[in-house]
Each structure stands twice: as structure tokens, then as C-alpha cells.
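Only one structure is covered here, and it is reproduced in the block below.
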Number of protein chains: 2
Amino acid sequence: MTSTGPARQASLRERNLATVARAVVDAPEPLSRADVAARTGMTRATVSTLVDQLIEAGLLTELPAVSSGPGRPAVPLAPAARTVVGLGLEVNVDYLGGRVVDLTGEVVDEIVIAENLRGSPAPATLERLGHLARDLMARARGMRVAGAHLALPGLVDTRANLLRIAPNLGWSDVEPLALLGLPASLPATVGNEAKLAALAQLWGCPVAERASRTFLYVSGDVGIGAAIVIDGALFGGKRGWSGELGHVTVDPAGPTCRCGASGCLERYAGKEVLVTDVGLDIDVADDVLVDRLSAPDARTAVSTAGAALGQAMADAVNLLDIDRVLLGGVYTGLVPLLRPAITEQLRTRVLGAPWAPVDVVPAPVADHAALTGGAAASLRAVVEDPMPWIAAAAG
Amino acid sequence: MTSTGPARQASLRERNLATVARAVVDAPEPLSRADVAARTGMTRATVSTLVDQLIEAGLLTELPAVSSGPGRPAVPLAPAARTVVGLGLEVNVDYLGGRVVDLTGEVVDEIVIAENLRGSPAPATLERLGHLARDLMARARGMRVAGAHLALPGLVDTRANLLRIAPNLGWSDVEPLALLGLPASLPATVGNEAKLAALAQLWGCPVAERASRTFLYVSGDVGIGAAIVIDGALFGGKRGWSGELGHVTVDPAGPTCRCGASGCLERYAGKEVLVTDVGLDIDVADDVLVDRLSAPDARTAVSTAGAALGQAMADAVNLLDIDRVLLGGVYTGLVPLLRPAITEQLRTRVLGAPWAPVDVVPAPVADHAALTGGAAASLRAVVEDPMPWIAAAAG
DNA sequence: GATAGTTTGTATAGCCAATGAACTTATTCG
DNA sequence: CGAATAAGTTCATTGGCTATACAAACTATC
């Protein structure tokens with residue numbers, strides 16, 4: 001209730017350090033101190049001291065100076081490689097794994113174990129993942145791990161780091177962090193798989209490829225999750241349960257869903273429906289499914305799913321006023337097939353469509369995006385608040 | 001793209017002034033300087049200088065000291081009455097008007113003209129409203145008008161202050177601010193009626209009655225608009241077109257909507273449908289309609305509308321993770337009638353419902369809420385950034 | 001009814017961080 | 001080689017918050 005805290009002198013430092021760090025990390029190409037000053041409006045003197053601190057803390061590095069034109073050549077700055085890293089973890093129906101990413105966005109290390117985890121025992125599986133995570137951390141010796149984010153396919157209470165229910169894993173009411181057994185000093189949180197994957201689209205790839213800062217990310221798998229990103233910020237809702245697109249009603253008279261309601265999107269466009277429509281097994285690889293759905297006799301299956309997806313998306317767009325949708329998960333490869341039906345729905349059902357059509361594109365980061373997103377989220381926290389790292393480096 | 005600006009020393013002042021102003025304005029009862037210090041974490045010395053400036057600027061006042069218990073009696077602080085005011089304006093299908101509100105939340109003055117404005121000519125009507133607004137400003141001589149917000153029932157591009165389309169007025173592509181002819185020095189914006197009404201729920205009533213800071217406000221009239229408020233901030237979407245709940249699809253095979261799509265919520269729970277269901281005219285007063293819908297023979301009409309409303313709300317809640325819905329407009333009085341059908345839908349369709357049921361309550365501010373909300377929005381801007389007012393008072 | 005006790009509000013010295021202007025450094029161009 | 005140019009650094013100055021001490025205004029008690 002009580003607004004934001006007081007602004008002390010130290011707050012100035014905090015904010016300006018973050019501003020400088022952001023400027024360098026988010027820049028498409030290396031900036032000099034002078035560039036940063038011009039871009040942020042600070043004086044070169046201020047930027048200089050801040051940059052020095054960020055270098056000292058291991059968050060930025062100086063690249064070799066290159067001279068172009070008259071004047072003293074600029075010293076280009078870039079995020080430091082392999083000094084501070086983030087750890088992304090995930091358990092999903094068909095694999096479990098971890099990925100280590102550094103501030104440059106490079107994947108430093110990863111372990112991914114493909115395996116069917118439907119109905120696996122939560123404690124044992126999470127203990128295995130914890131072991132895997134500790135292995136990764138041991139292999140990252142010399143680098144400081146900023147934090148870990150665990151992605152799970154289900155309803156995660158982000159305030160309590162509690163998994164309420166993950167229907168496809170068959171898990172419910174799990175406290176995953178306790179079972180992982182990570183060092184207590186490591187900031188760790190649990191998040192929904194789709195939301196962390198969305199963050200990967202925002203930060204987890206080279207700057208040029210990054211998604212615009214406002215979009216809806218839709219992740220198709222057995223369940224259909226979504227994440228809402230507005231102006232570079234994830235919109236999680238009150239408990240982090242936003243984006244349950246899979247249970248938006250497509251037709252109230254439709255088939256019953258696992259969730260107990262009727263006519264949910266999942267029953268029209270979920271992976272289970274897609275595979276059975278074309279006579280495949282749920283464990284089929286995504287590219288095989290895409291191939292099979294490209295065949296002429298799969299056209300009605302595809303257009304039915306696309307229409308349902310488009311209808312649900314239209315509802316979301318009408319509620320949220322978003323003009324860009326990224327399709328991830330199984331849908332990534334299906335974009336060309338699904339797009340006609342989707343855009344038709346968006347065109348007719350979105351009230352604002354005449355003035356700004358909605359873009360539907362495949363998600364740029366596809367490969368285990370939630371792992372990258374989880375790692376990137378930890379790193380983002382460092383960029384947004386570098387002060388603790390300065391203090392630690394000085395101490 | 002380029003992050004936030006630099007933090008100068010002056011930024012500290014700006015932020016702390018805002019923090020103090022917020023603390024006093026949002027407090028349920030008057031706070032002393034010492035209270036503010038304790039609550040914000042600043043020192044009494046700092047708070048003292050800041051409070052003095054805010055008093056000087058006419059934003060706060062000292063109330064007579066009351067002594068209770070030992071020690072020097074505290075001087076209670078409160079928002080100043082009738083010094084700075086906000087102006088809310090609105091054109092809707094059945095009236096046009098303006099309202100002047102001060103920092104205490106009191107309505108200082110208002111002019112409301114009940115009148116059927118469907119199909120009225122936009123330029124003439126807005127010029128009339130402009131005249132009315134100038135009258136109100138003249139009558140508020142001695143008070144400083146912080147800003148004006150015009151509420152319109154339609155798609156408003158909040159970045160360009162452009163009305164794209166207001167189907168119920170029959171207006172399209174209007175630039176309302178130019179037609180109002182307000183003084184150029186007055187900050188003025190145009191907004192959607194439902195969104196400004198939602199802001200009234202947040203700020204426009206005595207603190208105790210204020211809605212919690214996260215809710216969905218649904219305004220039922222001919223159209224059905226909604227506004228999403230998360231943590232005290234309106235979620236407008238990219239252009240301010242969020243909350244088009246009236247065009248969420250209830251049944252893709254349903255009747256055709258004015259918007260061209262089929263089965264929109266508006267066709268099940270809009271006022272037009274409600275009145276024709278019970279044989280009334282569209283111009284009927286809201287309380288007459290409520291009375292008529294309370295009759296036993298209106299039960300199916302009510303439950304059909306409630307179920308549709310509940311289904312659309314469930315979609316919204318699944319996407320947004322909000323656990324409180326305020327019903328405004330015609331719906332305010334219908335809450336007891338509609339609630340059973342609505343909550344049934346929410347209970348079965350909202351994925352998170354087992355862990356946190358959704359509250360459905362009538363909106364606390366009902367009477368021309370958009371007027372109050374528009375005025376309150378201007379005042380909120382003053383509270384959130386008092387610095388310019390300090391400077392003006394000093395100069 | 002004077003005095004101790006308590007809390008509010010104000011004054012003053014000190015500190016921290018950003019500024020601006022001058023200065024140094026490193027390059028290109030003529 | 002020197003003039004021009006731009007990057008980065010140094011340093012006195014300024015603004016704003018903190019801490020500490022102090023003045024003010026009240027209650028409670030002997």
C-alpha cells in the first residue's frame with residue numbers, strides 16, 4: 001500500500017548504473033562511453049565513473065579500440081562474456097534440462113535429457129534436475145551465477161514459487177525449489193514455461209532478432225500457454241496465472257476439456273487433438289507432426305485448429321490491444337499452415353483490425369526457449385539492478 | 001527504445017515530492033509530517049522541507065493540530081481543497097457533461113445535460129461541450145485546472161487523441177480536442193469511457209471505498225466496455241484499445257454483431273438485447289430496466305445474459321489472472337440478478353478458480369463515473385509529479 | 001503549578017553523486 | 001610535423017538527503 005520507498009543519494013547511483021548497463025547490453029552494436037552519454041543524456045564524466053564500476057564488477061568489458069575518422073578513437077564497450085551467467089532449468093513432458101547463458105547472450109553450457117516425463121514422480125524428477133543443475137554450476141567454475149529460474153508446464157504461483165498443478169506431468173502441489181537443493185545463496189524462482197519462453201524472445205537472442213517489445217507469445221504443446229509482454233515487461237497477472245489461452249472458450253457447446261469446462265481451445269488446437277486427427281502418437285517429434293499436417297488430407301484438421309486458435313487470439317487481442325503474436329512450441333513450424341485461418345479470424349473479429357492488422361509470426365527463439373528465457377531472466381535482473389554486483393566486487 | 005533518462009539530483013526531489021504527496025493523498029486519515037516520515041522511510045527533516053513546498057504550491061494543507069497523548073501535538077496534513085482541480089468531460093449516448101473535482105475528491109461543480117445524442121453531429125456536439133467546459137472553468141475562478149480528460153464511448157487512439165469510431169454515437173474519425181476549443185495551455189486527452197470510469201473506482205471516491213488496486217471493470221451499456229487495472233495502473237494496451245470485452249466471442253455460431261463478426265458478447269448481454277428481451281425501449285432509464293428484469297418472466301433473459309457475460313469474463317480472467325470484477329453501467333443494479341449465472345461460469349471455466357475464487361461486485365462509483373474518473377486522472381498526474389506545480393508556485 | 005517526560009518539527013554540518021568546464025590523450029588530415 | 005577533432009579524465013561546485021542536535025508544545029506527576 002505504502003508507495004515506493006524514499007529516494008536517497010544511493011538511488012541515483014542505482015538508477016544510473018542500471019541505465020548505463022541497459023544501454024550497453026541492449027545496444028545492437030558496441031557503444032563507447034561517449035555514445036552512452038549522448039544516448040542517456042548524462043555527462044561523459046558520470047558515464048565514465050559508472051562504466052568503470054561496471055567493468056570492475058565484471059558486467060562490461062572494453063573491446064579493442066577502433067579508430068574511424070579524426071579524434072581520439074572510441075573504446076567500444078560490450079557485455080562481459082563468461083563472468084556472470086544465468087541458469088535456466090526446465091521439466092517438461094518430453095525432457096528435462098538446464099542451460100547456462102552469459103551476458104552476451106551466448107549459451108555457455110547446457111545439459112538436456114530427452115525423456116518422457118508424463119506421470120513421473122515429482123520429487124525424484126526434481127532431485128535429478130537439482131543434480132543436473134549442480135553439475136552445470138560446477139562446470140561454470142569461475143563464473144558467478146546470478147540466479148536460476150525453473151520452468152514448468154502448469155499453473156505456478158509466482159509469489160510462493162509453488163506449482164499448483166501441471167496436468168500433463170500429472171503433478172500437483174509441489175514446492176520445487178526445496179527439492180532442487182540449490183545453494184541457499186542462489187536466487188531461484190519457479191515460473192510458467194510459456195512465460196519464460198516469452199522472455200527468451202525478448203532478451204535471449206541477438207539484439208537484431210529480438211521481438212518487438214509488445215507481443216503475445218503463444219506456446220502450443222499438449223497444453224496451450226501464452227504470455228503477454230507489454231513494452232518489455234511480462235504481464236503475469238496477480239499470481240502469475242495469466243495467459244491461460246488454452247482454456248479460453250471457443251464454443252460453449254464444444255467437447256469437454258480436462259479442466260472440466262467445455263469447448264476450451266485446447267480441445268481444438270492442442271497437440272493431442274492434432275496428432276489424433278492425423279493418426280499419430282502423442283510422443284511424435286514436432287517436425288514429423290508438421291510434415292504430416294502438411295499433407296493435403298490434413299487440411300481440415302489444420303484449418304479447424306487454425307480457426308479455433310484465431311478465434312481465441314482475437315479474444316485476447318480485443319482484451320489486450322496487442323498487434324503482434326509470436327507462435328512457439330509445435331506451432332512454430334506450423335505457422336505457414338495455420339496462418340490463413342488465424343488471420344481470417346483476426347481480421348473479422350478484432351475490433352481494431354481495420355486500423356492496425358495483427359502480425360502472426362513464428363517465434364525467433366524456438367529451441368528449448370524456456371531454458372534460455374529462464375537464464376535470461378536472471379541476467380536481466382543483474383542489468384536492471386547492477387548495484388549489488390558492484391558492492392560484491394568491491395568487497 | 002532508449003531506456004529511462006538520467007537521474008539527476010533534481011530527480012530525487014521529484015520522486016520524493018511525489019512519494020510524500022501520494023502518502024498524504026492516499027492515506028485514509030490525515031497524517032502528520034512525522035507519520036509520513038515513518039511511513040516512507042525518509043527522515044523527518046526531509047519530509048518537513050518537502051511538505052512545506054507542497055503546502056506552498058497549494059497541493060496540501062495543514063489541519064488544526066489535535067493533541068492526543070503526551071508530546072508535542074502533530075499537525076495533520078490533508079490534500080488541499082479547491083486549489084487545484086481536474087476536469088472530467090464526457091459525451092455519451094444519453095448525456096453530455098463536465099465535472100470539476102478537487103484533490104480531496106470532492107465534486108466542486110458539474111454540469112450534466114441529459115439528452116439523446118445518438119446520431120448527433122460530432123462537431124456541433126463537441127463545440128457545445130467545449131462551451132460547457134469553458135463555463136465550468138470560468139466558475140472555477142481562483143482554482144488552477146490541472147488538466148481535462150474527455151470520455152467517449154468508442155475506440156479512442158490514446159496516443160493521437162483520436163476517436164476512431166463510436167458506433168453508438170454514430171461518430172467516426174473525429175479529433176475531439178480541436179473542436180472543444182479549450183485553452184492551449186490546458187493538458188487535455190481523450191479516453192475511452194469505460195477506462196476513465198475504472199479510474200474513478202481507483203481514485204475517485206473516499207479512500208475507504210476505493211476498489212482494490214487490481215481489478216477488471218466491466219461497463220454495460222449498449223456497448224460493453226471493460227478496463228483492466230493492475231496494481232493501480234490502467235492497462236491500456238498498445239493504443240489504448242484494450243478491454244473490448246463486448247466483442248469477445250461467446251459462440252462462433254451466434255448472431256451477427258454490428259462489428260461484422262458473429263456471436264459477440266454484446267449480442268447476448270448488451271443493453272439493446274436486454275431491453276428488447278423484456279419489451280422495453282432503448283431509451284429506458286436504468287432503474288426501470290432493472291425493475292423490469294427483476295420480474296419472474298425475465299428470468300431466462302437474465303440468466304442468458306449472465307451466462308454469456310460470465311463466459312466472456314472467464315476468458316478475460318484466464319488471460320489476465322484477475323480475481324476481482326467490478327460491474328458498472330446498467331450492470332451495477334443488476335449484480336444480484338446476474339451474479340448466479342456469472343459465478344457459475346467463472347467457477348467452472350477459470351483454471352485458477354479452485355485456489356482463488358473471483359469476486360463479482362457492483363462498482364462503488366456509479367454516478368457518471370467517467371466524469372469523476374477523467375477529473376481524477378488529471379489530479380493523479382499532479383500527485384504523481386508535483387514538481388511542475390512547485391516551480392509554478394515559486395515563480 | 002513547576003518539572004520531568006515525550007513527541008513533533010526545525011536548524012546545521014557533513015556526505016554523496018552529478019555537473020560543467022578545463023585538461024589530457026589519441027587519432028586523422030593537410 | 002602541427003592543426004583539428006573527438007574521447008576520456010580531473011576537479012571544484014552544487015543540490016539534496018542524512019544525522020544529530022535542538023527548540024517547541026503538549027501530558028503526567030509530584
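Proteins come first, then strands; the chains are lettered A, B, ... in the order of their sequence lines, and each starts at number 1.
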Sub-3.5 Å pairs of nitrogen or oxygen atoms, protein against nucleotides 19-21 of chain D:
none

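- Where A/L12 and A/G69 meet DNA chain C, the nucleotide closest to each residue was compared, and A/L12 sits on the side nearer the 5' end.
- Checking A/T214 against A/R324 by side-chain atom types alone, no donor-acceptor pair falls below 3.5 Å.
- Between the CD atom of A/E62 and the P atom of D/dA7 there is a distance of 15 Å, given to the nearest Å.
- One finds no side-chain N or O of B/N16 lying less than 4.0 angstrom from the OP1 or OP2 phosphate oxygen of D/dG16.
- What separates CZ of A/R13 from P of D/dC17 is a distance of 17 Å, to the nearest Å.
- Here the side chain of A/P70 is nearest to one of D/dG8, D/dT5, C/dG9, namely D/dT5.
- In this structure, the nucleotide among D/dC17, C/dT19, D/dG8 sitting nearest to the side chain of B/T46 is D/dC17.
- Note on A/R33: every side-chain N or O is 4.0 Å or more away from OP1 and OP2 of D/dA6.
- Heavy atoms of A/V75 sit under 4.0 angstrom from primed sugar atoms or phosphate atoms, though from no base atom.
- Side-chain atoms of B/L77 and B/E62, non-hydrogen and from C-beta on, do get closer than 4.5 Å to each other.
- Among residues two or more places apart in sequence or in another chain, the salt bridge (Lys or Arg N to Asp or Glu O under 4.0 Å) test is passed with A/D102 by none.
- When each of C/dA18, C/dT27, C/dT6 is scored by its nearest atom to the side-chain atoms of A/P73, the top-ranked nucleotide is C/dT27.
- Using a 4.0 Å heavy-atom distance criterion, A/S67 is classed as a sugar-phosphate-only contact.
- Using a 4.5 Å heavy-atom cutoff, the side chains of B/L320 and A/F235 are in contact.
- The interatomic distance linking A/E14 (CD) with D/dC17 (C1') rounds to 15 Å, in whole Å.
- Using a 4.0 Å heavy-atom cutoff across all strands shown, B/S32 reaches sugar-phosphate atoms only and no base atom.
- For the pair A/V84 and A/W389, the minimum side-chain heavy-atom distance is below 4.5 Å.
- The nucleotide whose nearest atom lies closest to any side-chain atom of A/Q9 is, among D/dT9, C/dC16, D/dT27, C/dC16.
- Terminal axes of the helix from C/dG1-D/dC30 to C/dG30-D/dC1 (five pairs each, C1' rotation axis) are separated by 10°, to the nearest 10°.
- B/P76 has its side chain out of reach of B/E29: every pair of non-hydrogen atoms, C-beta onward, lies at least 4.5 Å apart.
- A donor-acceptor contact under 3.5 Å is not formed by the side chain of A/R72 with the base of C/dT27.
- By the 4.5 Å heavy-atom criterion applied to side chains, A/V229 and A/I322 are not counted as neighbours.
- A close approach under 4.0 Å does not occur between any side-chain nitrogen or oxygen of A/R8 and OP1 or OP2 of C/dC16.
- The side-chain heavy atoms of B/P73 and B/V66, taken from C-beta on, include no pair separated by under 4.5 Å.
- Taking 4.5 Å as the limit, some side-chain heavy atom of A/M42 sits within range of a side-chain heavy atom of A/L50.
- Using modelled atom types, one finds no donor on one side chain facing an acceptor on the other under 3.5 Å when comparing A/T49 with A/D52.
- B/M387 places its CE atom 10 Å from the C1' atom of D/dG15, with the value rounded to the nearest Å.
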